[in-house]
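Report on the following structure.
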Amino acid sequence: MDPAPVASFVNGTDSRAKTDEQLVEEAQTGDQLSYTTLVNRYWQRLVGYVRKLLPGSSDAEDIVQEAFVKAYVNLRSFNPDRRFSPWIYRITHNTLVDHVKTLKRQPLPFFDPDVLFPHPVAPDNPHEEVEIASVRKVLGEHFNELDPRYREPLILRYYEHLSYRDIAEVLRIPIGTVSIRIKRGLEKLRERLPNDLI
Amino acid sequence: MIEEQPPSSLLDKLQHAVKMRPRWYFWLRTVGIALGTAALAVVMVFAIGALFFLWRSRELGVLPGFGFRGVPFLLGNFPWDAAILSFLGLVVLLMLLRRFTPSYRWPMLFVVALAVIGATFFGAWASRAPIHGILANRALRGELPHFFGRAYRPFLENDRVVVGEITKIKGDTYTLETPGGDVTVKVTDDTRLPPFSLTTGTAVVVIGERKGDRIEAEAIRAAHRRMMMPQRRHED
């Protein structure tokens with residue numbers, strides 16, 4: 001089944017022109033096609049996000065499916081005045097954490113000193129395309145070597161293009177902690193490079 | 001790059017198998033969490049209030065003045081029940097705040113410091129509430145259930161320590177009015193006395209060898225305030 005053409009027109013208008021939040025508002029009133037449009041819009045991004053965090057795993061699609069079901073069940077708790085993107089990433093992140101806990105594949109840090117102390121927030125400027133491309137290239141090659149607490153903010157920043165504020169909302173950590181983790185993650189990537197690629 | 005589409009099984013499931021929770025469910029949940037958190041905060045402030053109240057009424061602040069001799073009494077009379085309840089309440093409250101409010105945006109150290117300062121402030125304020133005095137008096141009269149009564153006893157109870165108010169001085173012998181009745185204090189050459197003369201009306205803590213209603217004082221220190229005496233009911 002290819003749902004994209006069906007979901008493209010909702011209420012007589014092209015649903016592709018609508019914002020996520022408008023679609024959520026419509027879905028909250030029972031318009032399932034609006035939600036289908038959101039699923040289509042985010043499916044590939046979220047599957048890619050989970051795959052990067054669980055490299056070599058075949059569970060990415062199942063995790064994202066579960067996240068979309070959870071989001072649908074709780075859709076009326078979402079305030080359309082806020083942004084949908086961090087919300088759906090947050091649900092996916094939680095589903096992923098639950099999945100990892102079940103499998104006991106990776107130790108989850110119980111206590112994280114990074115969230116304890118305040119950190120200066122680096123400017124959240126849009127990075128140059130060249131820098132983004134080089135970070136993505138190096139990150140792609142060294143995913144497995146990077147500590148998950150640095151890997152996830154880097155993925156959200158350089159692949160999913162989320163702002164520091166949105167990453168803080170997804171991971172539920174202070175914005176200063178996001179900044180410091182991205183900085184440290186980049187430093188760790190630099191240590192693995194023979195030249196100054198990033 | 002091939003565009004991946006969501007599986008039809010997911011779309012079918014969304015259309016036929018799962019239902020969106022109604023709005024009232026989330027309202028009810030929010031109200032429940034808010035009420036639960038408020039109730040927990042009240043219990044915690046009450047426990048911290050009891051902690052402050054018992055610290056004062058047991059004159060625990062005097063005990064470090066006795067040096068090492070005072071340490072076992074301090075540990076033995078510390079209101080551990082109230083302290084543990086306060087600590088657990090604070091931990092659960094912080095977990096609830098972290099989970100259900102945007103407090104995650106601030107460093108945890110700020111949130112913990114704010115919670116501890118707030119709890120201490122409100123606890124100190126709540127310790128002045130008459131309810132603690134009423135409960136302490138009931139505990140003295142044995143009117144509270146066993147655990148609660150033991151936790152709320154408002155003064156030091158020990159074979160080697162006496163707290164009371166000097167009512168009579170005769171040579172090196174003092175008579176103390178204590179919640180358990182009058183106690184005679186014998187002062188010897190070895191007794192460590194406070195750096196001022198003791199007069200009638202002074203509240204003191206005495207450590208020594210007790211035999212019945214007599215105690216041979218090893219050390220005497222002034223209490224910070226007058227001992228809270230049990231209030232007898234009119235029919236007593």
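Below, chain A is the first sequence line, B the second, and so on; all start at residue 1. These values consider heavy atoms only, across backbone and side chains, with no hydrogens, waters or symmetry-generated copies.
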note = Honestly, the part of A:Q65 sitting under 4.5 Å from a heavy atom of chain B is both
message = Does any backbone or side-chain atom of B:Y104 lie under 4.5 Å from a heavy atom of chain A? Answer side chain, backbone, both or neither.
response = both
inquiry  = I need the residue from A:Q28, A:R76, A:Q32 with the largest number of non-hydrogen atom pairs under 4.5 Å to chain B.
reply    = A:R76
task = Take atom CZ of B:F121 as the centre, draw a 6.0 Å sphere, and report whether it contains more than 12 heavy atoms from other residues, nucleotides or ligands.
result = no
inquiry  = Using only atom types and a distance under 3.5 Å, with no angle test, would you say the side chain of A:R151 pairs donor to acceptor with the backbone of A:L53?
reply    = yes
request  = Could you walk me through whether B:R160 and B:E218 pass salt bridge (charged side-chain N to carboxylate O under 4.0 Å, His left out), step by step?
outcome  = CA-CA 10 Å; B:R160 284 185 45 79; B:E218 288 172 15; 3.0 Å; yes
ask   = Which bit of B:K19 comes within less than 4.5 Å of chain A, counting heavy atoms only: side chain, backbone, both or neither?
value = backbone
key: Option passing side chain to side chain contact (heavy atoms under 4.5 Å, CB included) with A:Y49 (candidates A:Y89, A:Y42, A:Y159)   = A:Y89
key: Top contributor to chain B interface from A:G30, A:A27, A:S77 [non-hydrogen pairs under 4.5 Å]   = A:S77
query = Side chain, backbone, both or neither: which part of A:E169 has a non-hydrogen atom closer than 4.5 Å to chain B?
reply = both
ask   = Between the main-chain N or O of B:I207 and the side-chain N or O of B:R69, is there a donor-acceptor pair closer than 3.5 Å?
value = no
